[in-house]
Student: 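Shown below is the structure under consideration.
Just so it is clear, the structure is predicted and the values come from calculations on it, not from any experiment.
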Amino acid sequence: MKPISIAAALALLATPALADTYRIDTSHVYVGFEVDHLGFSTTYGRFNDVSGTIELDEENPEASSVEVKIDPASVDTGHKERDEHVRGEDLLNVAEYPQMNFKSTSIERTGEKTGKITGDLTLHGVTKPVTLDTTFTKKGTYPMTEEKIEVIGFNATTTLKRSDFGMDKWTAMIGDEIPITISFEAHKQ
């Protein structure tokens, strides 16, 4: 092993602390969506299997990052037969595309507690940029356990066009523009 130089050692000591890692609490995460159904009603649904991490740099939020994984087979609209259809080849096609991923590429602070998180969303085998309008809700010690756990919370919204991700069946009848609502807590690791 090559010895480290004094200059390199001093440079390491002068490097600012790395971002803190937070893991999404899978019992306190919501990724929901709305779909117009023939103009008669709005169908609401969610994905029940969501995980991810946040690298939070409080001194420089723009240097933070987010990575989220969603199991599309966990779609839940409250109707078993409809959920099976949504999982099928006509829409999510979970047999061929068993995972959705979001990985941030930039974060822009727009206010004291607001920002835009832009990243690459891979859905239905297609990767496209998506921007989340995000609100930081709270940071604090989790009060429900004896262990002192630092927790952060965020809410976010965006709108996707499902046809942009290759899900273009029935777009004239069933909503193409899909509003998305996200809310989650994440625990410091």
Student: Just wondering, do Phe165 and Leu121 contact through their side chains at under 4.5 Å, heavy atoms?
Tutor: yes

Student: Looking at Glu89, I want to see if its CD is surrounded by more than 12 non-hydrogen atoms of other residues, nucleotides or ligands under 6.0 Å.
Tutor: no

Student: Report the hydrophobic cluster partners of Ile149, with the cluster defined as I, L, V, M, F, W, Y residues connected by side-chain heavy atoms closer than 4.5 angstrom, directly or transitively.
Tutor: Tyr142, Met144, Val151

Student: Between the main-chain N or O of Ser163 and the side-chain N or O of Asp176, is there a donor-acceptor pair closer than 3.5 Å?
Tutor: yes

Student: Report yes or no: do Thr118 and Thr131 form a side-chain donor-acceptor pair below 3.5 Å?
Tutor: yes

Student: Between Lys103 and Asp120, does any NZ, NE, NH1 or NH2 come within less than 4.0 Å of an OD or OE carboxylate oxygen?
Tutor: no

Student: For the residue pair Val29 and Arg46, what are the closest heavy atoms and their distance?
Tutor: O-NH2, 3.2 Å

Student: Search all heavy atoms of Glu177 against all heavy atoms of Thr159 and return the closest pair with its distance.
Tutor: CB-CG2, 4.0 Å

Student: So, for Phe154 and Phe184, is the gap between ring centers shorter than 6.0 Å?
Tutor: yes

Student: Could you walk me through whether Thr171 and Arg162 pass the side chain to side chain contact (heavy atoms under 4.5 Å, CB included) check?
Tutor: CA-CA 8 Å; Thr171 56; Arg162 66 184 178 92; 3.8 Å; yes

Student: In sequence, state the C-alpha distance, the side-chain angles, and the governing distance for Glu62 and Arg109, and then conclude on salt bridge (charged side-chain N to carboxylate O under 4.0 Å, His left out).
Tutor: CA-CA 7 Å; Glu62 292 81 2; Arg109 191 172 186 175; 5.7 Å; no

Student: Taking CD in Glu112 as the centre, count heavy atoms belonging to other residues, nucleotides or ligands within less than 6.0 Å. Is the count above 12?
Tutor: no

Student: Compute the ring centroids of Phe47 and Tyr30, then answer whether they are less than 6.0 Å apart.
Tutor: no

Student: I need the Thr158 OG1 to Phe33 CZ distance, nearest 0.5 Å.
Tutor: 15.0 Å

Student: Which of these passes side chain to side chain donor-acceptor pair (under 3.5 Å) with Tyr22: Lys188, Gln189, Glu150, Glu185?
Tutor: Glu150

Student: Would you mind checking if Lys139 and Glu58 are paired as a salt bridge, meaning a charged N to carboxylate O distance below 4.0 Å?
Tutor: yes

Student: For His124 and Asn93, which heavy atoms make the closest approach, and how far apart are they?
Tutor: NE2-CB, 3.9 Å

Student: Thr137 and Lys113: which non-hydrogen atoms are nearest, and at how many Å?
Tutor: O-NZ, 3.9 Å

Student: Going by distance alone, is a donor N or O of one side chain under 3.5 Å from an acceptor N or O of the other, for Asp36 and Thr42?
Tutor: no

Student: Could you give me the CA-CA distance, side-chain angles and deciding distance for Ile178 and Ile180, then say whether side chain to side chain contact (heavy atoms under 4.5 Å, CB included) is met?
Tutor: CA-CA 6 Å; Ile178 311 295; Ile180 307 291; 3.9 Å; yes

Student: Within the side chain of Arg23, is there an N or O that forms a donor-acceptor pair under 3.5 Å with the backbone of Gly52?
Tutor: no

Student: Going through the checks in order, is the side chain to side chain contact (heavy atoms under 4.5 Å, CB included) test met by Leu123 and Met167?
Tutor: CA-CA 9 Å; Leu123 166 61; Met167 291 182 288; 3.8 Å; yes

Student: Leu160 versus Val130: any side-chain heavy-atom pair under 4.5 Å?
Tutor: yes

Student: Mind checking the CD1-NZ spacing from Ile174 to Lys169? Nearest 0.5 Å is all I need.
Tutor: 10.0 Å

Student: Show me the donor-acceptor pairs, under 3.5 Å and distance only, between side chains in residues 65-78 and residues at least two apart or in other chains.
Tutor:
unit_1 : atom_1 : unit_2 : atom_2 : d
Asp71  : OD1    : Ala73  : N      : 2.9
Ser74  : OG     : Asn48  : N      : 3.1
Ser74  : OG     : Asp49  : N      : 2.9
Ser74  : OG     : Asp71  : O      : 2.6
Asp76  : OD1    : Gly78  : N      : 2.9
Asp76  : OD2    : Asn48  : ND2    : 3.1
Thr77  : OG1    : Arg82  : NE     : 2.8
Thr77  : OG1    : Arg82  : NH2    : 3.4
Thr77  : OG1    : Asp83  : OD1    : 2.5

Student: Answer yes or no: is there a donor N or O on one side and an acceptor on the other, between the side chain of Thr145 and the main chain of Glu147, under 3.5 Å?
Tutor: yes

Student: Could you tell me whether Lys116 and Asp133 make a salt bridge, using a distance below 4.0 angstrom between a side-chain N and a carboxylate O?
Tutor: yes

Student: For the backbone of Leu132 and the side chain of Thr134, can you confirm whether one donor and one acceptor N or O come within less than 3.5 Å of each other?
Tutor: yes

Student: Any idea which heavy atoms bring Ser27 and Asp25 closest together, and the distance?
Tutor: OG-OD1, 2.7 Å

Student: Is the shortest side-chain heavy-atom distance between Lys138 and Ile152 below 4.5 Å?
Tutor: no

Student: Under the 3.5 angstrom rule, does the side chain of Ser64 hit a backbone N or O of Asp57 as a donor-acceptor pair?
Tutor: yes

